Amino acid sequence: MSTETTYAELTRWIQRVHALGTVGELLGWDEQVNLPPGAAEQRAGQQAALAEAAHAAASDPRLGGWLTQLEAAAGLTADQRAVVKNARKDYDRATKLPAEFVREKATQDSRGYHAWAKARAADDFAGYAPVLAKNLELVKREAGHLGWAGREYDYMIDKHDPGMTAEVIGRLFGELKRELVPLVREIAASKVKPRADALRGFSTEGQQVFLREVTERLGFDYNRGRIDVSLHPFCSGTGSDVRMTTRFKEHEPLDSLFSSIHETGHGLYEQGLPADQLGTALGIHAGMAVHESQSRLWENQVARSRGFWQCFEPRLRAVFPAQTAGVSTDELYLAINAVSPTLIRVDADEVTYNLHIILRFELEKKLFTGELAVADLPGAWRTAAAELLGLTPPNDREGVLQDVHWSGGAFGYFPSYCLGNMLAAQLWYRALALRPQLEEDFARGDFTWLLGWLRENIHSQGRRYDALELARRVTGEELSPRSLLRYLRERYGALYLR
Ligand code: ZN
């Protein structure tokens with residue numbers, strides 16, 4: 001076969017595998033949004049059958065043959081090489097793990113979740129420790145099977161963020177930590193405090209109207225996506241079928257609004273990927289850090305800005321006249337930008353959130369090097385929380401047992417959140433340098449310049465470049481925490497450190 005024919009066969013097959021994956025995602029979305037309670041078992045069977053078909057397609061020996069031919073071929077374009085390189089990674093992951101290992105891991109993953117849920121309810125870390133130790137052993141073995149022996153944590157990081165390493169993250173987080181810890185302490189000590197009870201009694205119907213208006217104005221295309229309700233907000237799907245979810249709390253209207261805007265950021269990225277390349281490296285996202293940079297940019301830099309609220313405050317007051325009557329513009333803006341250190345990551349504000357991630361990264365790294373034993377995790381967590389957040393968890397439920405991630409072997413995922421925050425801030429200042437009147441656009445309800453710029457520089461690029469290379473290309477600088485620190489100081493300093 002000619003190189004061109006082989007390349008065409010390869011991409012057709014990759015897109016087929018990807019299509020099966022998106023069907024699985026759709027079933028997963030349906031499970032969280034629509035599934036009748038009695039249908040859980042039947043759905044599990046459907047999911048398993050589909051996963052089997054998807055795995056068979058992803059490990060088809062013809063793929064291996066095409067990849068070998070293309071890797072040896074001269075004259076591929078840079079784009080084609082990127083597609084082949086990414087397909088090789090996927091193919092190796094699908095074929096290099098022994099069937100026995102895959103079975104063992106799948107059993108352990110579902111066992112892990114239940115063990116975690118039970119341990120958390122009973123505040124019993126000791127009962128959970130053997131499960132965690134087993135998870136760690138399994139992911140290390142997985143890394144070994146794929147040729148990453150001795151670099152197991154890097155393998156886990158690379159799974160979520162291609163090209164990223166623990167060494168790079170350690171350097172970036174170290175730099176961030178030095179200035180962020182004192183900044184959080186200063187803000188926490190400020191006399192300025194948001195009114196905790198400022199926003200009460202916001203009907204679900206009103207919230208739905210308002211957030212639909214906001215997300216549509218930001219550019220989410222409801223002709224190619226939708227938003228529904230689930231227990232935990234998420235965004236799935238891609239291209240012309242993006243499914244977001246949110247939840248509504250009557251006394252916390254900002255929770256549903258900002259989580260919807262966050263998911264909108266993810267959704268805009270997925271809607272902006274090149275439609276004809278979906279599934280190949282030219283039509284998938286560049287990794288979790290870049291994905292998170294998109295959600296965070298819209299959620300934080302954009303939607304917590306003065307400009308944004310100049311546009312939407314009048315609308316909020318029009319939809320909720322009684323609820324907002326006693327709240328001044330400044331009180332509203334302070335509630336939107338509330339900072340208060342907490343022990344729980346998912347409740348954390350934008351400023352302290354990063355410290356929760358640094359804490360987890362440092363512990364994960366030590367677990368992988370063996371510097372820290374699983375049994376010593378609770379104590380190490382308490383020490384780190386005191387050092388970073390200035391708070392000591394009174395129990396493990398509010399400490400080491402709070403997150404689900406490790407129970408399913410998802411190590412190396414947490415750093416993406418903080419890397420995403422860094423990239424978001426760096427993109428923000430680059431965008432502002434190119435278009436200084438950005439906030440004036442927002443005040444008029446115009447977000448088209450920013451979306452267009454992201455479409456061109458991030459969304460349409462797919463996975464051509466990893467996060468570090470993308471940062472370099474789009475912002476002209478190496479990825480660094482400097483922009484994030486500048487942004488946090490500017491926005492929160494103005495509010496809390498006057
Ligand atoms: Zn997200």
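Everything numeric in this text was worked out from a predicted model, so none of it was measured. In listed order, ligands and their atoms are each counted from 1.
Taking the six-membered ring for Trp and the full ring otherwise, the centers of Phe220 and Tyr222 sit less than 6.0 Å from each other. A centroid separation of 6.0 Å or more is found between the aromatic rings of Phe442 and Phe308.
The nearest N, O or S atom of His291 is not closer to the Zn ion (ligand 1) than 2.8 Å. The Zn ion (ligand 1) does not have Glu263 among its coordinating residues (no N/O/S atom, backbone or side chain, under 2.8 Å). With 2.8 Å as the limit, His262 counts as an N, O or S neighbour of the Zn ion (ligand 1).
For Arg486 and Tyr429, the positive end sits near the middle of the six-membered ring, less than 6.0 Å away and at most 45° from its axis.
For Asp197, the side-chain contact (heavy atoms from CB on, under 4.5 Å) partners two or more places apart in sequence, or in a different chain, are Arg195, Arg200.
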